Protein chains: 2
Amino acid sequence: MEKHESRRAKMTKRLLHEALMELMQEKPFKQITIKELCERADLNRTTFYLHYADQQSVLDDIEREVKEQTLAYIQNVNPSAKAVDLIEAFLHYIQKNEVLFRTLLCNNNGDDFQVELIQYILEGIRTNLPNYGDPTTERYVHTFLMHGSVHIIIDWIEAGFDLPAREVAKLCFRLCDSVRTM
Amino acid sequence: MEKHESRRAKMTKRLLHEALMELMQEKPFKQITIKELCERADLNRTTFYLHYADQQSVLDDIEREVKEQTLAYIQNVNPSAKAVDLIEAFLHYIQKNEVLFRTLLCNNNGDDFQVELIQYILEGIRTNLPNYGDPTTERYVHTFLMHGSVHIIIDWIEAGFDLPAREVAKLCFRLCDSVRTM
DNA sequence: CATTTTATCGACAGCATGTTGATATTACAA
DNA sequence: TTGTAATATCAACATGCTGTCGATAAAATG
């Protein structure tokens, strides 16, 4: 009775995850009701409450999984690779899971997943940041670089990958570098 | 009968605006109900539906007003001022209306007001952007600079204005400039 | 097979929603 | 000032989603 709590339960959660992702491609997250989510997942509404409190909890769960899987993917890349190569690997991973990332990143669901994910990834990659002596200035520069990079990636997804991943990775790298040597 | 549709109506809308801003300082926008909003504004719920369809419409109205007023303020600054001075004027305006901007900018209400406002303002100010020949690259650089600047400003508000407005303006300007000469 | 977990079902009260019709109040204009 | 149109109020109603309950059925484990 250690793991069999997770035989059917995992399947149920998976059904809810898939149903939510489907619905999020059809309408804004705020408009999705629990009732509707259960109908799509073909589950009784009572069952929902055995696993989640509300829609946001389901989304949180999905986002947590995606973060973990993405980081795992990046870490499997040759760890001696340069920063720009790691960014490129990240972008390739996004391309391979286009619908997933488009759904999660390319609209404002009211949470901070956009920044959280990419910050999570980019901070693992983090190249040396500029050192201005003043920690306040450094904090602002860091904010600037992070959010700038985040939105390049989001725009890239929204534009249907109109540049090769390598070009985007190089551009991000150059932009951050130009600030470092400012 | 041309403008008297707006004598009491304007007041009603103003009450709703104020009530919403109050509530948004107390809880996330998503949790605010129409019923609650009307109670706070001391208005009958039926009256609400004479003016707005839902909470988001009220917020849209507020955001539109703030955009207009902010732009008007910026445009009253000496138009021969340098870009960095216009940015500084913008930041001073934010400081003078701290609660307002903190409420509207410093949480994810699920709309795109953050970017819209600041992009709206900064594009009026727009200093020459780098010219790379390639319009796609230019678009990405523009995205990078805009969102980077937006979030410096948001962080600055959240940090309780821990730098003088002039310093933040200069920092934004320098960061954008370092990219232009990249 | 027996036990525990998980899923289903029907039902329920609670609450916010959006609308309606009747009525009162307000603002403006003649 | 008074009449008229616009607004605001009020009570009421049907509707839909919510969260919870108890009882039951199905499924997984050992």
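These numbers were taken from a predicted model, which means no experiment stands behind them. Atom set for the values below is all heavy atoms of this structure, side chains included, hydrogens, waters and symmetry mates excluded.
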Take the protein atom OH of Tyr49(B) and the nucleotide atom C1' of dC13(D), then report the distance between them rounded to whole Å. 14 Å
If only side-chain N and O atoms of His51(A) are considered, is one of them under 4.0 Å from the OP1 or OP2 phosphate oxygen of dA7(C)? yes
In whole angstrom, give the distance that lies between atom CG of Leu15(A) and atom P of dA7(C). 10 Å
Near-strand residues of residues 31-47 of chain B, defined as heavy-atom separation under 4.0 angstrom from DNA chain C: Thr33(B), Ile34(B), Lys35(B), Arg45(B), Thr46(B)
With a 4.0 Å cut-off on N to O distance, would you call Glu36(B) and Lys27(B) a salt bridge? yes
Mind checking salt bridge (charged side-chain N to carboxylate O under 4.0 Å, His left out) for Asp134(A) and listing every partner two or more places apart, or none if nothing turns up? none
Indicate yes or no: does Arg14(A) engage Glu18(A) in a salt bridge with an N to O separation below 4.0 Å. yes
Starting at CG of Leu50(A) and ending at P of dT8(C), how long is that distance when rounded to a whole Å? 9 Å
Write down the distance between CZ (Phe48(B)) and P (dT19(C)), rounded to a whole number of angstrom. 12 Å
Picking from dT20(D), dA26(D), dT17(C), the nucleotide nearest the side-chain atoms of Arg8(A) would be dA26(D)
Does Lys96(A) make a cation-pi contact with Phe101(A) (under 6.0 Å, within 45 degrees of the axis)? no
In terms of the angle between their ring planes, are His151(A) and His147(A) parallel, tilted or perpendicular, with boundaries placed at 30° and 60°? parallel
Need the bend value for the helix from dC1(C)-dG30(D) to dA30(C)-dT1(D): angle between end axes, 5 pairs each end, nearest 10°. 30°
Between Tyr140(B) and Trp156(A), does the ring centre distance come in under 6.0 Å? no
Do we get Lys67(A) above Phe113(A)'s six-membered ring, with its NZ or CZ under 6.0 Å from the centre and within 45° of the axis? no
Tell me the interatomic distance from Tyr52(B), atom OH, to dT7(D), atom P, rounded to whole angstroms. 13 Å
Give, for atom CG of Leu37(B) and atom CD of Glu22(B), the distance between the pair rounded to the nearest 0.5 Å. 10.0 Å
d(NZ, Lys10(B); P, dA8(D)) in whole Å: 14 Å
Below 6.0 angstrom between ring centroids: does that apply to Phe144(B) and Phe144(A)? yes
Check the distance between dA26(D)'s P and Met11(A)'s CE and give it to me in whole angstrom. 19 Å
